[in-house]
Amino acid sequence: MLMKGVIFSGMRPTGRLHIGNYFGALTNWVKLQNEYTCYYGVVDWHALTTGYSETTMVKDNIKEMVIDWLSAGIDPDKCNLLIQSKVPEHAELHLLLSMITPVAWLERNPVLKEQVRDLDLKENMGYGLLGYPVLMASDILIYKSNAVPVGEDQSPHIELAREIGRRFNYFYENVFPIPDLILSKTPKIPGIDGKKMSKSLKNDINLSDKPEDIRNKVLSMITDPEKIRLSDPGHPEVCTVFKYHEIFNQKEVSSIESDCKKAKLGCVACKKRLAEILIDSFHSFREKRKYYEENTHIVWDILMEGSKRARKVAEKTLEEVRQAMKIDYE
Ligand code: ADP
C-alpha cells in the first residue's frame with residue numbers, strides 16, 4: 001500500500017495511560033498506522049528529564065504503557081514500536097542539534113515554564129529538561145517525519161522541532177522535511193478537577209482503571225457550583241461532567257443538556273450515567289489488556305524488534321547529517 005509519509009510520536013514511560021493520552025494522541029496513532037509509515041517511541045530519556053532521582057520504576061512503566069498501546073489497537077505489524085535509548089542515534093543527533101539551537105528559544109518555551117512552576121523545580125531544573133525540545137526534535141527528525149500526532153499541550157514543542165529542522169536545512173543541506181502537527185478532535189481532555197488531565201496533577205482516569213475506580217473518580221468530578229439540588233437549573237457550559245458527555249456520549253448529550261438546564265436531571269444521576277458510558281467504552285480494552293499482562297515477554301520482543309528496525313533508518317539519516325555538516329571523516 002502507498003503510504004502518505006512518515007510519522008513519529010512518543011510518550012514518556014510514566015506508567016499506565018490516562019484517557020487524555022488516549023483521546024489526545026493514541027486514537028490518532030491507531031488511525032494513522034494504516035496510512036503512514038509510523039514510528040512510535042517509548043521516550044525513556046525524556047522521562048528522566050524530571051524523574052532523574054527515582055528511576056527504579058522506568059522499566060515497569062515501559063511495560064505498562066506499551067501494554068496500553070497494544071490493548072488500544074496499536075498493531076506492531078503495521079508500525080515500528082521502539083525504545084528511544086535502544087536507538088542511540090537519537091542522542092548523537094540531539095548533540096548536533098544542540099549546537100545550532102539558541103538557548104533563548106528553549107528558555108521561552110511555555111511548556112518548560114509550566115513544568116518548573118507545577119513541579120516547583122526552580123534551582124533543580126536540569127540541563128536535560130531545558131533541552132527536552134531538542135531531544136524531541138531529534139526523535140522526530142531522525143526518521144524524516146512528515147507529521148507528528150500529539151495532544152495540544154505538545155504544540156510548542158512541535159513548533160520548536162520545525163524551527164530546529166529549518167535552521168539545520170538552512171545552515172547545511174536540505175536533509176529534513178519540516179513536520180506538521182496533527183491534533184485529534186479532542187486535543188485537550190480535562191481531568192476530574194477541570195484542569196488539563198495529567199498524571200502529575202493526579203486528576204487522571206486511566207484506561208485500565210477498574211469499573212469501581214472509574215465510578216468513584218467520576219462521582220468526585222467538579223460540576224456547576226450553582227447547581228446544588230436537582231431543582232436548581234444547571235449551566236452545562238461550566239461543568240466538567242458535561243464536557244465529558246460531549247466527548248464520550250454524543251448520543252445523549254443534547255437531552256442531558258436540556259434536562260440539566262430545565263432542572264430535570266441531577267448531578268449524581270448525570271455522573272452515574274457518564275461513569276457507565278466510560279466503563280462500557282473500555283470494556284474490550286480491559287479484556288485485551290489481560291492477555292498482555294499474562295504474556296509480557298511479547299511486549300519486550302516487539303520493542304526490541306521495532307527498535308532494531310528503527311535503528312537502521314536512524315543510522316542512515318545520521319550519515320546524511322554528518323555529510324551535510326562535513327564531519328564524516330573517512
Ligand atoms: P502526561 O502529561 O500525562 O505526563 P505525556 O506528556 O507523556 O503525558 O503525553 C503523552 C501524549 O498524550 C502527548 O501526545 C500529549 O500531548 C498527550 N496528552 C497528555 N495529556 C493530555 C490531555 N489531557 N489531553 C489531550 N492529550 C494529552
Side-chain angles (χ1 to χ4, degrees), residues 7-33 38-52 54 57-58 61-69 72-74 79 81-84 109-119 121 128-129 132-133 135-137 139-140 145 147-161 179-209 217 221-222 240 243-244 246-248 278:
I7 286 225
F8 176 88
S9 188
M11 292 196 198
R12 292 177 298 157
T14 47
R16 294 181 178 216
L17 295 184
H18 54 65
I19 57 178
N21 303 132
Y22 180 73
F23 287 97
L26 198 56
T27 44
N28 261 346
W29 287 22
V30 173
K31 185 168 93 97
L32 295 165
Q33 66 184 346
C38 294
Y39 296 88
Y40 294 139
V42 175
V43 289
D44 53 341
W45 287 330
H46 273 113
L48 304 181
T49 56
T50 50
Y52 48 80
E54 181 47 67
M57 287 306 289
V58 175
N61 285 345
I62 293 177
K63 182 193 75 193
E64 294 296 340
M65 181 173 76
V66 177
I67 289 182
D68 280 347
W69 290 0
I74 293 292
C79 46
L81 303 186
L82 61 107
I83 299 184
Q84 186 184 40
N109 170 18
V111 185
L112 176 74
K113 288 184 187 162
E114 240 172 65
Q115 270 179 322
V116 170
R117 187 197 60 212
D118 290 349
L119 304 175
L121 294 174
L129 183 62
Y132 188 116
L135 182 56
M136 184 160 161
D139 301 338
I140 296 166
S145 307
V148 192
V150 283
E152 194 177 78
D153 57 330
Q154 290 293 326
S155 78
H157 286 159
I158 307 302
E159 198 39 60
L160 272 165
D180 290 323
L181 165 72
I182 300 185
L183 291 180
S184 72
K185 284 189 207 131
T186 47
K188 189 175 175 188
I189 303 285
I192 53 176
D193 58 357
K195 295 188 193 137
K196 190 201 93 164
M197 183 175 288
S198 170
K199 180 156 274 126
S200 47
L201 296 178
K202 297 194 169 50
N203 61 359
D204 51 344
I205 299 177
N206 288 339
L207 297 175
S208 56
D209 275 348
K217 286 184 183 179
M221 277 168 85
I222 309 280
T240 309
K243 276 202 194 98
Y244 271 60
E246 284 183 311
I247 300 169
F248 305 108
L278 285 177

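Ligands are counted one by one from 1 in listed order, and the atoms in each one are counted from 1 as well.
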What atoms of ligand 1 come within less than 4.0 Å of a heavy atom belonging to Ala25? 14 (O)
Just how far is it from atom CD1 of Ile67 to atom CG of Leu17, taken to the nearest 0.5 Å? 11.0 Å
Relative to atom 22 (C) of ligand 1, which among Gly20, Gly151, Ser155 owns the nearest non-hydrogen atom? Gly20
Take Lys243 and Phe248 through the test side chain to side chain contact (heavy atoms under 4.5 Å, CB included) and record every step on the way to the result. CA-CA 9 Å; Lys243 276 202 194 98; Phe248 305 108; over 6 Å; no
N or O pair under 3.5 Å between Ile189 and ligand 1: yes
Regarding atom 2 (O) of ligand 1: of the candidates Glu152, Lys196, Lys188, Gln115, which has the closest heavy atom? Lys196
For side chain to side chain donor-acceptor pair (under 3.5 Å), just list the numbers for Asp209 and His18, CA-CA rounded to whole Å, side-chain angles, deciding distance to a tenth of an Å, and then say yes or no. CA-CA 9 Å; Asp209 275 348; His18 54 65; over 6 Å; no
Subset of ligand 1 atoms that lie under 4.0 Å from at least one heavy atom of Met11: 10 (C)
Looking only at non-hydrogen atoms, the one of Val43, Asn21, Leu17 nearest atom 9 (O) of ligand 1 is Asn21
For ligand 1, is any non-hydrogen atom under 4.0 Å from Pro149's backbone (N, CA, C, O), its side chain (CB onward), both, or neither? neither
Just how far is it from atom CG of Leu129 to atom CG of Leu121, taken to the nearest 0.5 Å? 6.5 Å
Check each atom of ligand 1 against the heavy atoms of Gly24 and keep those under 4.0 Å away; list them by number with element. 25 (C), 26 (N)
Working note: Met197 + Asn21, criterion side chain to side chain contact (heavy atoms under 4.5 Å, CB included); need CA distance, chi angles, decisive distance, verdict. CA-CA 9 Å; Met197 183 175 288; Asn21 303 132; over 6 Å; no
For Ile19 and Tyr244, run side chain to side chain contact (heavy atoms under 4.5 Å, CB included): C-alpha distance rounded to whole Å, both residues' side-chain angles, the deciding distance at 0.1 Å, then the answer. CA-CA 11 Å; Ile19 57 178; Tyr244 271 60; 3.7 Å; yes
Residue pair Ile62 / Pro13: nearest heavy atoms and the distance that separates them: CG1-CB, 3.7 Å
Between Asp153 and ligand 1, which part of the residue brings a heavy atom under 4.0 Å of the ligand: side chain, backbone, both or neither? side chain
Looking at non-hydrogen atoms alone, which of His18, Gln154, Met197 comes nearest to atom 3 (O) of ligand 1? His18
For side chain to side chain contact (heavy atoms under 4.5 Å, CB included), just list the numbers for Asn109 and His157, CA-CA rounded to whole Å, side-chain angles, deciding distance to a tenth of an Å, and then say yes or no. CA-CA 8 Å; Asn109 170 18; His157 286 159; 3.3 Å; yes
Give me the nearest non-hydrogen protein atom to atom 6 (O) of ligand 1 as residue plus atom name, then the distance to 0.1 Å. Arg12 NH2, 3.2 Å
Which of the atoms of ligand 1 are close to Pro187, meaning less than 4.0 Å from one of its heavy atoms? 24 (N), 25 (C), 26 (N)
